[in-house]
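Here is the structure we will look at, set down as structure tokens.
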Amino acid sequence: PRRLKEGVGGATSDNQTAGKTDAQAVKLTALLNEANDTLERSQKELARVRGESVAAAAELKAAKAECKQLATAKAAAEKAFQAEREAHAKQTTELRTVEEALKRQTAQVAASKAALKTHADEA
């Protein structure tokens, strides 16, 4: 059924109303298409970011594993260094003991030489 709409200047026909409705429908369709395009771009960007996030998580996991290996290697190196330090300290102590014994023996030899010389001079 045709209906008339009262306007300021008189009656407007359904054709004018239909034209306005069609124009609004075209505008709304364009807005909807633009929104769909934006949504599609956003979904693609989200997928890309998620992919980067997964890759970054994998890199982080690998880095953590490497850190753990390095920490284990560091602990082993520190243990070996400490053992080497203790061995060096022990060798140093043994060397001092040998040096002291050598000094005593040198003093004994000197005393023996002096005693021999004294004995030879008396004879």
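Along the sequence shown, residues are numbered consecutively beginning with 1.
- Annotation: side chain of His88 is in contact with side chain of Thr92 (closest heavy-atom distance under 4.5 Å).
- The CG atom of Asn36 lies 11.0 Å from the CG atom of Leu31; values are rounded to the nearest 0.5 Å.
- The 12-atom threshold is exceeded at CD of Glu94, counting heavy atoms of other residues, nucleotides or ligands nearer than 6.0 Å.
- Within the structure, the salt bridge (Lys or Arg N to Asp or Glu O under 4.0 Å) test picks out the following pairs touching residues 74-93 (sequence neighbours left out): Lys74-Glu78.
- For residues 96-123, there are no side chain to side chain donor-acceptor pair (under 3.5 Å) pairs, not counting sequence neighbours.
- To the nearest 0.5 Å, the span separating CG on Asp22 from NZ on Lys27 amounts to 12.5 Å.
- Within the structure, the side chain to side chain donor-acceptor pair (under 3.5 Å) test picks out the following pairs touching residues 46-70 (sequence neighbours left out): Glu45-Arg48, Arg48-Glu52.
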